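Each ligand, and each atom within it, is numbered from 1 in the order the structure gives. Owing to the predicted nature of the structure, the values given are computational and were not obtained by experimental measurement.
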Amino acid sequence: MSLILYGRMLSPFARRVAIWCRLQGRAYESRPLMVNGPDFEELKKVNPLGRVPALVIDGGEVLIETSAITDWLDDTAPDGLRLVPATGPARREVLQGVAYANSAVEKGVSLVYDKNRRPKELHWGEWIERLEGQITAALAVLESKAPAEGWLGGERPNAADVTFVIAHDFIMATNPYLVEGKFPRLAALSAMAADVEAFKATAPAA
Ligand SMILES: N[C@@H](CCC(=O)N[C@@H](CS)C(=O)NCC(=O)O)C(=O)O
């Protein structure tokens, strides 16, 4: 099965797909196109919206939206390598973890556009404060769910571990004042992940 992944690892969504593939032992070709500049036109030939991630699977079918892509990866996973339990309370628990982590990075991406990229004179202070508060609230939930040691997934990282680490690392890479020194369990999870190939090879700066 040949896979082509569009998106840079600074995108917390593209990184989730990349880590998921690596943890399942799937090889993929990486096309780190940006969502703006000259890459935008190129990207629209793959995903008409010009968004990442997009995953081209065997035969040329294009999958978009992180949750739909990772659903397909789990649906076709090699035995024992699903990242989300197939059913029951354990599935609900993992997916709620993913939901909070996803919310943290959605708001984190908004903050990048509204604060880091937008000229200072066009900043809307109330909106930025709202985003900061939402990111902090989501990270606090992740901190309360993060394990004292080891992975939430037990012997190997599951989807909650993956998305918790991505949320921590993305906010750290883009607006570190919101995370630095504030969430020790998340920081420990991220530090442990940094030694695992799937996380190390996809670090946001890579
Ligand atoms: N809900 C989407 C979000 C993807 C997303 O926002 N990707 C960003 C890059 S981090 C992007 O493509 N931004 C450009 C745009 O949305 O126009 C998913 O989960 O795949």
Side-chain angles (χ1 to χ4, degrees), residues 3-24 26 28-57 61-76 83-84 91 94-119 122 127-128 130-132 134-135 138-139 141-142 158-176 178-179 190 198-199 201-206:
L3 300 173
I4 303 172
L5 173 60
Y6 286 83
R8 294 187 309 155
M9 293 303 97
L10 186 58
S11 161
F13 308 104
R15 189 180 183 211
R16 192 190 314 171
V17 175
I19 292 175
W20 213 289
C21 286
R22 285 171 183 270
L23 290 175
Q24 292 183 340
R26 300 174 188 261
Y28 61 88
E29 181 190 331
S30 175
R31 302 223 177 130
L33 295 192
M34 293 176 68
V35 294
N36 42 35
D39 285 356
F40 186 44
E41 291 308 314
E42 196 60 30
L43 199 51
K44 280 196 282 186
K45 292 178 193 158
V46 182
N47 172 359
L49 282 86
R51 305 184 86 193
V52 298
L55 187 72
V56 183
I57 64 176
E61 187 182 349
V62 180
L63 306 184
I64 68 158
E65 279 293 325
T66 313
S67 58
I69 296 172
T70 54
D71 182 73
W72 176 80
L73 288 171
D74 258 19
D75 193 36
T76 58
L83 270 69
V84 177
R91 176 178 174 82
V94 169
L95 286 179
Q96 278 302 298
V98 171
Y100 279 104
N102 186 66
S103 299
V105 297
E106 275 183 358
K107 295 296 165 182
V109 168
S110 293
L111 190 62
V112 167
Y113 287 120
D114 285 329
K115 184 173 78 66
N116 304 36
R117 300 247 174 101
R118 193 183 285 271
L122 297 179
W127 179 249
I128 288 174
R130 180 189 164 95
L131 293 174
E132 290 171 337
Q134 289 173 310
I135 292 165
L139 291 175
V141 174
L142 303 189
N158 66 16
D161 293 300
V162 169
T163 54
F164 284 24
V165 169
I166 290 172
H168 172 276
D169 295 355
F170 177 70
I171 305 299
M172 189 64 122
T174 52
N175 281 296
L178 289 174
V179 67
S190 165
F199 293 88
T202 61

- Message: Regarding ligand 1, does Val52 bring an N or O atom to under 3.5 Å of one of the ligand's N or O atoms?
- Response: yes
- Among all protein heavy atoms, pick out the one at the shortest distance from atom 1 (N) of ligand 1; state its residue, atom name and that distance to 0.1 Å. Glu65 OE1, 2.9 Å
- Message: Counting non-hydrogen protein atoms only, what is the nearest one to atom 10 (S) of ligand 1? Give residue, atom name and distance.
- Response: Ser11 OG, 3.3 Å
- Would you call Leu111 and Leu178 a side-chain contact if the rule is heavy atoms closer than 4.5 Å? yes
- With Phe13 as reference, evaluate Thr70, Val52, Ile166, Val109 under the side-chain contact (heavy atoms from CB on, under 4.5 Å) test and give the passing residue. Val109
- Kindly check if the number of other-residue, nucleotide or ligand heavy atoms within 6.0 Å of CD (Glu29) is above 12? yes
- Message: Checking a contact table here: which protein heavy atom is nearest atom 15 (C) of ligand 1, and how many Å away?
- Response: Arg51 NE, 3.6 Å
- Against heavy atoms of Tyr113, which atoms of ligand 1 measure under 4.0 Å? 13 (N), 14 (C)
- Message: Donor-acceptor check, side chain of Asn158 to backbone of Val94, threshold 3.5 angstrom: yes or no?
- Response: no
- Task: Classify the contact between Thr66 and ligand 1 as side chain, backbone, both or neither, using a heavy-atom distance cut-off of under 4.0 Å.
- Result: both
- Message: Has Asp39 got a side-chain atom pairing as donor or acceptor with Leu33's backbone, closer than 3.5 angstrom?
- Response: no
- Protein contact to atom 11 (C) of ligand 1 [nearest heavy atom, distance to 0.1 Å]: Val35 CG1, 3.8 Å
- Counting each atom of ligand 1 from 1 as listed, which ones have a heavy atom of Pro53 under 4.0 Å away? 20 (O)
- Look at atom OH of Tyr100 and say whether more than 12 heavy atoms of other residues, nucleotides or ligands are closer to it than 6.0 Å. no
- Item | Min N/O separation Ser67 to ligand 1 under 3.5 Å | no
- Any chance CZ of Arg22 has more than 12 other-residue heavy atoms, nucleotides or ligands included, within less than 6.0 Å? yes
- Are any of the N/O atoms in Asn102 less than 3.5 Å from those in ligand 1? no
